Amino acid sequence: QVHLVDTGGGLVQAGGSLRLSCAASGRSFSVYSMGWFRQAPGKERDFVVGISWSDGRTSYADSVKGRFTISRDNSKNTVYLQMSSLKPEDTAVYYCAARRGPYSSGSYREYDYWGQGTQVTVSS
């Protein structure tokens, strides 16, 4: 069992930066692959980025490549999402998710645990 808590959201102007954190409690966090998803009102939950526990490989949605960076600190059971050059279209609730498996996935259906979400609002 893994419990996830997302923090770090807020209101920022376009071009600004935010760092989201996802703190995990529970056993064996290091063997979970992690992902960040986002959901805007009236839209589906979209994949943003994932990081695999087996080799640290990362995978980014095209819309955030070069602007967002995922990292994890297994000693702190925490995953981070550094977001830069934010755009109004990045506005959404951001969720971290954990998947017991060696690789991350772009499908939200393949994740076992979810954080409660944190709102990110980017003003133009």
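Because the structure is predicted, anything quoted here is derived from the model rather than measured.
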Chemist: Locate the shortest heavy-atom distance separating Pro102 from Ser52; write the atom from each residue and the value.
Modeler: O-CB, 3.2 Å

Chemist: How long is the straight-line distance from CG of Leu4 back to CD of Gln116, given to the nearest 0.5 Å?
Modeler: 9.0 Å

Chemist: Quick one: side chains of residues 11-22, donor-acceptor pairs under 3.5 Å with protein atoms, not counting sequence neighbours, listed by atom name and distance.
Modeler:
none

Chemist: Does anything in residues 102-122 form a salt bridge (Lys or Arg N to Asp or Glu O under 4.0 Å)? List the pairs, not counting sequence neighbours.
Modeler: Arg99-Glu110

Chemist: Please report the C-alpha distance between Val79 and Cys96 in whole Å, then the side-chain angles of each, then the deciding distance to 0.1 Å, and finally whether the side chain to side chain contact (heavy atoms under 4.5 Å, CB included) criterion is met.
Modeler: CA-CA 8 Å; Val79 174; Cys96 74; 5.9 Å; no

Chemist: Indicate if Tyr111 and Leu81 have the same hydrophobic cluster label, given that clusters are the connected sets of ILVMFWY residues with side-chain heavy-atom separations under 4.5 angstrom.
Modeler: no

Chemist: Mind checking the CZ-OG spacing from Arg57 to Ser33? Nearest 0.5 Å is all I need.
Modeler: 10.5 Å

Chemist: Quick check on the hydrophobic clustering: are Tyr94 and Tyr113 connected, directly or via other members, by side-chain heavy-atom contacts under 4.5 Å?
Modeler: yes

Chemist: Start with the C-alpha gap between Val120 and Arg38, add the side-chain angles, then the distance that decides, and say whether side chain to side chain contact (heavy atoms under 4.5 Å, CB included) holds.
Modeler: CA-CA 9 Å; Val120 172; Arg38 65 187 181 187; over 6 Å; no

Chemist: Taking only residues two or more places apart in sequence, or in another chain, which ones meet Trp114 in a ring pair (Phe, Tyr, Trp, His ring centres under 6.0 Å)?
Modeler: Phe37

Chemist: If you measure from CE on Met34 to OG1 on Thr78, what distance do you get to the nearest 0.5 Å?
Modeler: 9.0 Å

Chemist: Is there a side-chain contact between Glu44 and Tyr108 in this structure, where contact means two heavy atoms from C-beta onward sitting under 4.5 Å apart?
Modeler: no

Chemist: Cluster question for you: counting only ILVMFWY and a side-chain heavy-atom cut-off of under 4.5 Å, with indirect links fine, are Leu86 and Phe47 together?
Modeler: no

Chemist: Report the residues that fulfil side chain to side chain contact (heavy atoms under 4.5 Å, CB included) with Glu89, sequence neighbours left out, ordered by chain and then residue number.
Modeler: Lys87

Chemist: Mind checking the NZ-OG1 spacing from Lys65 to Thr58? Nearest 0.5 Å is all I need.
Modeler: 9.5 Å

Chemist: I need the minimum non-hydrogen distance between Gly56 and Ile51, along with the two atoms involved.
Modeler: O-CG1, 3.8 Å

Chemist: Per the disulfide bond (SG atoms under 2.5 Å apart) rule, what does the pair list look like for residues 36-69, sequence neighbours excluded?
Modeler: none

Chemist: Please enumerate all residues that pass side-chain hydrogen bond (donor to acceptor under 3.5 Å, both in side chains) together with Ser124, with sequence neighbours excluded.
Modeler: none

Chemist: Considering all heavy atoms of both residues, which atom of Ala40 and which atom of Thr91 are nearest to each other, and what is their separation?
Modeler: CB-O, 3.9 Å

Chemist: For the atom pair OG (Ser59) and CD1 (Ile70), what is the distance rounded to the nearest 0.5 Å?
Modeler: 9.5 Å

Chemist: Given the rule that I, L, V, M, F, W and Y join up when any side-chain heavy atoms are under 4.5 Å apart, are Tyr80 and Tyr95 in one cluster?
Modeler: no

